[in-house]
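All remarks here apply to the structure that follows.
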Protein chains: 2
Amino acid sequence: MGRGGIRRGAGRPKGQGKYNEPTKPIRIPESMISDVMKYLSIKGYKLPLYASTVQAGFPSPADDYIEQQLDLNQHLIKHPTATFFVRAAGNSMVGAGIHSGDILIVDRSLNPKSGKIVIAAIDGQLTVKRLSKTSKGLYLKAENDQYQAIKINDASDVVIWGVVTSVIHKV
Amino acid sequence: MGRGGIRRGAGRPKGQGKYNEPTKPIRIPESMISDVMKYLSIKGYKLPLYASTVQAGFPSPADDYIEQQLDLNQHLIKHPTATFFVRAAGNSMVGAGIHSGDILIVDRSLNPKSGKIVIAAIDGQLTVKRLSKTSKGLYLKAENDQYQAIKINDASDVVIWGVVTSVIHKV
DNA sequence: TATTTAGAATAATGTACATTATTCAAAAAA
DNA sequence: TTTTTTGAATAATGTACATTATTCTAAATA
């Protein structure tokens, strides 16, 4: 028979689920379900960034010295729809830390101001150069003495594709 | 009255939805709903990677010259749970393309073999050096003549934190 | 005949609900 | 009294279903 009566405080406690917080069902295209699951499982690729002055206990980096949690995509790509990557070739920009084979992150929505490193198409060939505005005009300069600066004028077949924001170098 | 009868072929056509493919409701923790939505809206941060030899029509990069679609996180981080970032300080590794202020991607799950660039804690201070095994023993070498190699032995207070896989350099 | 209209058909979408999991405590049993 | 049992309470979770959107065509109309 009944063992009834109120059970104040009973019930499954909050925050016991997979994510320790309430969830909502969101429709996900089938082809991306596994990607989204992965994304969720590692909390959106947010990984710890340590300052180089860490003096933590070993062997595991201690949480106390985490500078911030970083998601590479969010950190490096401010305008996803206007951003693309280019693989660098040649050594004309080693002075700017750009080596052959590096992946350059290029933002088309940024204004190509003087001093910025840009991706330019010169006669249909992609190159990475530093934009330089002087009293003599607008130039594309290599960061390497062996290369000559290229003057930009109305006659020249030069199109700026975008501004380089970061360089990814595999070691 | 009835205008009945079968309507073969009637109905909303497939692939008319937001994603042009079938969807399934997946539960998402509330704090990540906006992140996931963003992730979906740009198809998982997969952006085009162009080869440097592109000779496309202007001013927009043509799809024909896309080398591949790249997601930085997936491309650079193979072991999310074992990976962290460290901000580099000092110029001891400029020869390897590592400059002060760069963000290093470090994988703790990789074996620190000779020749690899590693993050090591020496007397509690983090440094980035190249691991070098010679007949004389194991060394941590800077890629810069002004720094001296550090010999690793049982007595030395050196712990390898992980192997550097990539360098991110802001320009 | 040509045009319009009112369902019929079917995909997309968000959410209510049934189910499952978990914890609590009153009542029963020891 | 102490221990065990059993239903109450409530969160987590996946999915069925009601709703909405869209297109098609037979019948009605001009």
Side-chain angles (χ1 to χ4, degrees), chain A residues 1-49 60 62-63 66 68-75 77-84 108-109, chain B residues 1-49 60 63 66 68-75 77-84 109:
Chain A
M1 52 214 43
R3 301 167 188 240
I6 199 136
R7 300 288 191 286
R8 200 181 306 282
R12 183 173 182 170
K14 270 191 186 181
Q16 289 279 96
K18 212 186 303 181
Y19 303 110
N20 276 65
E21 65 171 304
T23 61
K24 280 192 71 172
I26 302 288
R27 282 198 171 265
I28 309 287
E30 280 178 3
S31 70
M32 301 212 47
I33 288 179
S34 60
D35 275 355
V36 169
M37 298 288 230
K38 192 174 176 186
Y39 183 83
L40 287 178
S41 72
I42 49 186
K43 289 191 289 190
Y45 274 100
K46 278 189 164 49
L47 302 182
L49 168 64
S60 177
D63 289 348
I66 293 177
Q68 55 180 304
Q69 298 282 126
L70 220 59
D71 180 318
L72 279 190
N73 282 333
Q74 290 179 22
H75 181 70
I77 301 171
K78 304 301 180 193
H79 307 106
T81 54
T83 297
F84 62 92
R108 285 173 60 77
S109 70
Chain B
M1 50 212 42
R3 303 172 186 233
I6 199 135
R7 299 289 191 285
R8 198 181 306 282
R12 184 173 181 170
K14 271 192 183 177
Q16 289 280 93
K18 214 185 303 183
Y19 303 110
N20 277 65
E21 65 171 305
T23 62
K24 280 193 72 171
I26 301 289
R27 282 198 172 268
I28 309 286
E30 280 179 4
S31 70
M32 301 213 45
I33 289 179
S34 60
D35 275 355
V36 169
M37 298 287 231
K38 193 175 175 186
Y39 183 82
L40 286 178
S41 72
I42 50 188
K43 289 192 289 189
Y45 274 100
K46 278 190 165 50
L47 302 182
L49 167 64
S60 176
D63 290 349
I66 294 177
Q68 54 181 305
Q69 299 282 128
L70 220 61
D71 181 317
L72 278 190
N73 282 333
Q74 291 180 21
H75 181 70
I77 302 171
K78 304 300 181 193
H79 307 107
T81 56
T83 297
F84 62 91
S109 70

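Values below: every heavy atom of this structure, side chains too, minus hydrogens, waters and symmetry copies. This one's a predicted model, so the numbers in the text were calculated from it and none came from an experiment. We name chains A, B, ... by the order of the sequence lines, and we start the count at 1 in each one.
When each of A:A10 and B:P13 is assigned the nucleotide of DNA chain C bearing its nearest heavy atom, the one mapping closer to the 5' terminus is B:P13. Both B:G17 and B:G11 sit near DNA chain C, but only B:G11 has its closest nucleotide nearer the 5' end.
Taking the side chain of B:R12 as heavy atoms from C-beta on, and the options C:dT15, D:dA11, C:dA11, the nearest nucleotide is C:dA11. For B:K18, taking side-chain heavy atoms from C-beta onward, the closest of the listed nucleotides C:dG14, D:dT10, C:dC17 is C:dG14. Closest to the side chain of A:P25, out of D:dT15, D:dA12, C:dA12, is D:dT15. Listed nucleotides D:dA21, C:dA16, C:dT13 differ in distance to B:R27; the shortest reach to its side chain belongs to C:dA16.
Within a 6.0 Å sphere centred on NZ of A:K46, heavy atoms belonging to other residues, nucleotides or ligands number more than 12.
Between A:G44 and B:M32 the shortest heavy-atom distance is N-CE, 4.0 Å. Shown here for A:N20 and A:G15, the closest heavy-atom pair between the two residues is ND2-O, 3.2 Å. Nearest heavy-atom pair, A:P29 versus B:L40, reported as atom, atom and distance to 0.1 Å: CD-CD2, 4.1 Å.
D:dG14 atom C1' lies 11 Å from atom CE of A:M37, rounded to whole Å. A straight line from OH of A:Y19 to P of D:dG14 spans 8 Å, rounded to a whole angstrom. In this structure, CD1 of B:I26 is placed 9 Å from C1' of D:dG14, rounded to the nearest angstrom. Between the P atom of D:dG14 and the NZ atom of B:K24 lies a distance of 10 Å, rounded to the nearest Å. Counting to the nearest Å, the P atom of C:dT10 and the NZ atom of B:K14 are 12 Å from each other. Rounded to whole Å, the distance from CD on A:E30 to P on D:dT15 is 12 Å. One can place CD1 of B:I28 at 12 Å from P of D:dT13, the figure rounded to the nearest angstrom.
For the atom pair CD of B:Q74 and OH of A:Y45, the computed distance is 4.5 Å after rounding to the nearest 0.5 Å. Note that OG of A:S41 and OH of A:Y19 are 8.0 Å apart. Values are rounded to the nearest 0.5 Å. How far CG of A:D71 is from CD1 of B:I77: 7.5 Å, rounded to the nearest 0.5 Å.
Distances shown here put a side-chain N or O of B:Q16 below 4.0 Å from the OP1 or OP2 atom of D:dT23.
Rounded to 10 degrees, the angle between the two end axes of the helix from C:dT1-D:dA30 to C:dA30-D:dT1 is 40°, with five pairs used at each end.
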